[in-house]
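Worksheet: one structure, shown below.
For the numbers below, each heavy atom of this structure counts, side chains included, while hydrogens, waters and symmetry mates do not. As the structure is a prediction and not an experimental result, all values here were calculated from the model. All ligand and atom numbering here is 1-based and tracks the order in the structure.
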Amino acid sequence: MNIAQVRREYTKTKLNKNNVHPDPIVQFNKWLNEALESNCMEPTAMTISTVSENCAPSSRVVLLKGVEDNRFVFYTNYNSRKGIQLRKNPNISALFFWSELERQIIIEGTVEKTSTEKSDEYFGSRPWKSRIGAIISPQSQPIESRNVIKKAFVVEAARHIGDSIPRPPHWGGYMIDPNRIEFWQGRPNRLHDRVLYLKDKSSVWNISRLAP
Ligand SMILES: Cc1cc2nc3c(=O)[nH]c(=O)nc-3n(C[C@H](O)[C@H](O)[C@H](O)COP(=O)(O)O)c2cc1C
């Protein structure tokens with residue numbers, strides 16, 4: 001197959017600077033709800049990008065677990081590759097692509113860790129086996145084989161039979177405080193609609209339309 005010839009027209013709907021909500025968080029929640037109600041496979045999946053000390057970017061998918069106090073929350077291992085990068089440089093970008101809706105949202109901002117209470121609360125709500133997995137997996141580290149992880153899982157699970165499993169300190173949440181949010185709606189002939197919200201120094205969101 002000639003992938004250079006793979007393309008589709010986007011025709012579902014339009015996006016206009018004059019009829020988006022003045023608050024991008026409200027607009028985000030509206031689009032997220034539409035994604036949740038559509039047949040998107042992973043509507044809460046977002047690609048987050050972080051940068052190394054040398055400003056080299058890296059990306060991976062995580063799941064959005066809440067939008068609270070105007071911030072976007074996800075959970076991970078604080079000692080993972082992304083965790084180490086965020087410790088040194090809190091700048092982050094998060095991208096949602098809902099192909100079924102012909103929509104993309106790009107969020108840029110900085111992260112802070114969620115409170116320990118908040119991380120505890122979410123950790124406690126995860127399935128028991130996922131909690132065990134979070135304890136034993138040295139996320140992003142090289143391991144000898146899958147067996148290493150399987151054995152560690154069995155040993156750790158045996159230690160916790162009947163208990164609620166406390167959150168390990170290396171695992172918890174981050175909140176993205178956004179300063180730039182772009183909403184993209186696919187349109188015919190590649191003349192897509194792009195609406196940008198930029199936060200100014202007094203924390204007011206300014207809205208503009210960008211060329212496709
Ligand atoms: C659909 C999907 C959801 C994921 N959700 C998470 C998540 O919420 N948290 C997480 O740490 N990793 C999640 N992952 C795994 C990450 O993409 C990644 O492999 C892991 O966090 C290690 O990334 P790092 O080595 O860049 O730190 C998810 C992957 C996929 C494909």
Kindly compute the distance separating CD (Glu42) from CG (Leu64), expressed to the nearest 0.5 Å.
12.0 Å
Who's the nearest protein heavy-atom neighbour of atom 23 (O) of ligand 1, and how far?
Lys82 NZ, 3.3 Å
With the side chain counted from C-beta on, respond yes when Val62 and Lys82 share a heavy-atom pair under 4.5 Å apart, and no when they do not.
yes
With respect to Ala45, determine whether any N or O atom, backbone or side chain, lies less than 3.5 Å from an N or O atom of ligand 1.
no
Nearest non-hydrogen protein atom to atom 6 (C) of ligand 1, with distance, is Val62 CA, 3.5 Å
How far is atom 18 (C) of ligand 1 from its nearest protein heavy atom, and which residue and atom name does that atom have?
Arg60 CG, 3.8 Å
Give the atoms of ligand 1, by number and element, whose distance to some non-hydrogen atom of Ser140 is under 4.0 Å.
24 (P), 25 (O), 27 (O)
Check whether more than 12 heavy atoms from other residues, nucleotides or ligands sit under 6.0 Å from atom CD of Glu53, and answer yes or no.
no
Taking 4.0 angstrom as the limit, do Arg209 and Asp193 come out as a salt bridge?
yes
If you measure from each non-hydrogen atom of Gln139 to ligand 1, which part falls under 4.0 Å: side chain, backbone, both or neither?
side chain
Residues, nucleotides or ligands: over 12 heavy atoms within 6.0 Å of Asp69 CG:
no
If you count every heavy atom of other residues, nucleotides or ligands that lies below 6.0 Å from Glu112 atom CD, does the total exceed 12?
no
Flag the pair Lys199 and Asp177 as a salt bridge only when some basic side-chain nitrogen lies within less than 4.0 angstrom of an acidic carboxylate oxygen.
yes
Under 3.5 Å, N or O to N or O, is Val61 touching ligand 1 that way?
yes
Atom 8 (O) of ligand 1 sits nearest the protein heavy atom Leu63 N, 3.1 Å
Can you list the atoms of ligand 1 that are under 4.0 Å from a heavy atom of Arg81?
24 (P), 25 (O), 26 (O), 27 (O)
Among all protein non-hydrogen atoms, which one is nearest to atom 11 (O) of ligand 1, and what is the separation to 0.1 Å?
Thr76 OG1, 2.6 Å
List every atom of ligand 1 that sits less than 4.0 Å from any heavy atom of Tyr75, numbering the atoms from 1 in the order shown and giving each element.
7 (C), 8 (O), 9 (N), 10 (C), 11 (O)
So CD of Gln104 and CD of Glu182: to nearest 0.5 Å the spacing works out to 6.5 Å
Which bit of Phe74 is near ligand 1, meaning a heavy atom under 4.0 Å away: side chain, backbone, both or neither?
neither
